Amino acid sequence: MTEKPEATGDDCICTDIPKALYDRVEDFCKSRGIAPSEFIFDAISEKLFSIHRERRRKPRL
């Protein structure tokens with residue numbers, strides 16, 4: 001059995017984002033002075049956190 005390498009902050013996941021949406025993200029990020037990748041990372045993190053919270057509220061069987 002092989003061991004998985006330790007994850008680093010430099011790992012990359014490629015996704016297809018519609019050009020129009022990415023352009024909106026870039027414009028927003030330029031106005032706020034942040035990188036688009038940072039904005040996307042934060043958005044995904046917040047969404048996953050909210051899903052986790054919703055699941056915890058549901059009663060377990």
Side-chain angles (χ1 to χ4, degrees):
M1 205 184 282
T2 61
E3 292 182 25
K4 292 183 180 180
E6 299 242 349
T8 64
D10 297 336
D11 292 344
C12 179
I13 297 176
C14 298
T15 60
D16 290 329
I17 298 174
K19 176 92 170 108
L21 178 58
Y22 190 76
D23 289 343
R24 289 174 52 198
V25 168
E26 278 188 319
D27 291 341
F28 178 79
C29 291
K30 284 179 186 175
S31 69
R32 302 281 191 222
I34 61 173
S37 58
E38 182 181 347
F39 174 82
I40 294 169
F41 177 83
D42 290 345
I44 293 170
S45 297
E46 288 177 16
K47 181 64 177 181
L48 289 173
F49 182 72
S50 70
I51 290 171
H52 175 72
R53 248 187 299 143
E54 288 176 17
R55 287 188 180 162
R56 296 292 294 173
R57 287 186 198 153
K58 293 180 182 177
R60 296 183 182 177
L61 298 176

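In this chain, numbering begins with 1 at the start of the sequence shown. Note that the structure is a prediction, hence the values are computed from the model and not measured.
- With sequence neighbours excluded, no residue forms a ring pair (Phe, Tyr, Trp, His ring centres under 6.0 Å) with Y22.
- Shown here are the side-chain contact (heavy atoms from CB on, under 4.5 Å) partners of T15, two or more places apart in sequence or in another chain: I13, I17.
- Residue pairs meeting the salt bridge (charged side-chain N to carboxylate O under 4.0 Å, His left out) criterion with at least one partner in residues 15-25, sequence neighbours excluded, are K19-D23.
- Residues satisfying the side-chain contact (heavy atoms from CB on, under 4.5 Å) test with D27, not counting sequence neighbours, are none.
- Taken together through direct or relayed side-chain contacts under 4.5 Å among Ile, Leu, Val, Met, Phe, Trp and Tyr, I40 and L21 form part of one hydrophobic cluster.
- Residues satisfying the side-chain contact (heavy atoms from CB on, under 4.5 Å) test with A43, not counting sequence neighbours, are none.
- Under the 4.5 Å side-chain heavy-atom criterion for grouping Ile, Leu, Val, Met, Phe, Trp and Tyr, L48 is not connected to F41 through any hydrophobic cluster.
- Closest approach of C29 and P36 over heavy atoms only: SG-CA, 3.6 Å.
- For the salt bridge (charged side-chain N to carboxylate O under 4.0 Å, His left out) condition, no pair includes a residue of residues 29-49, sequence neighbours left out.
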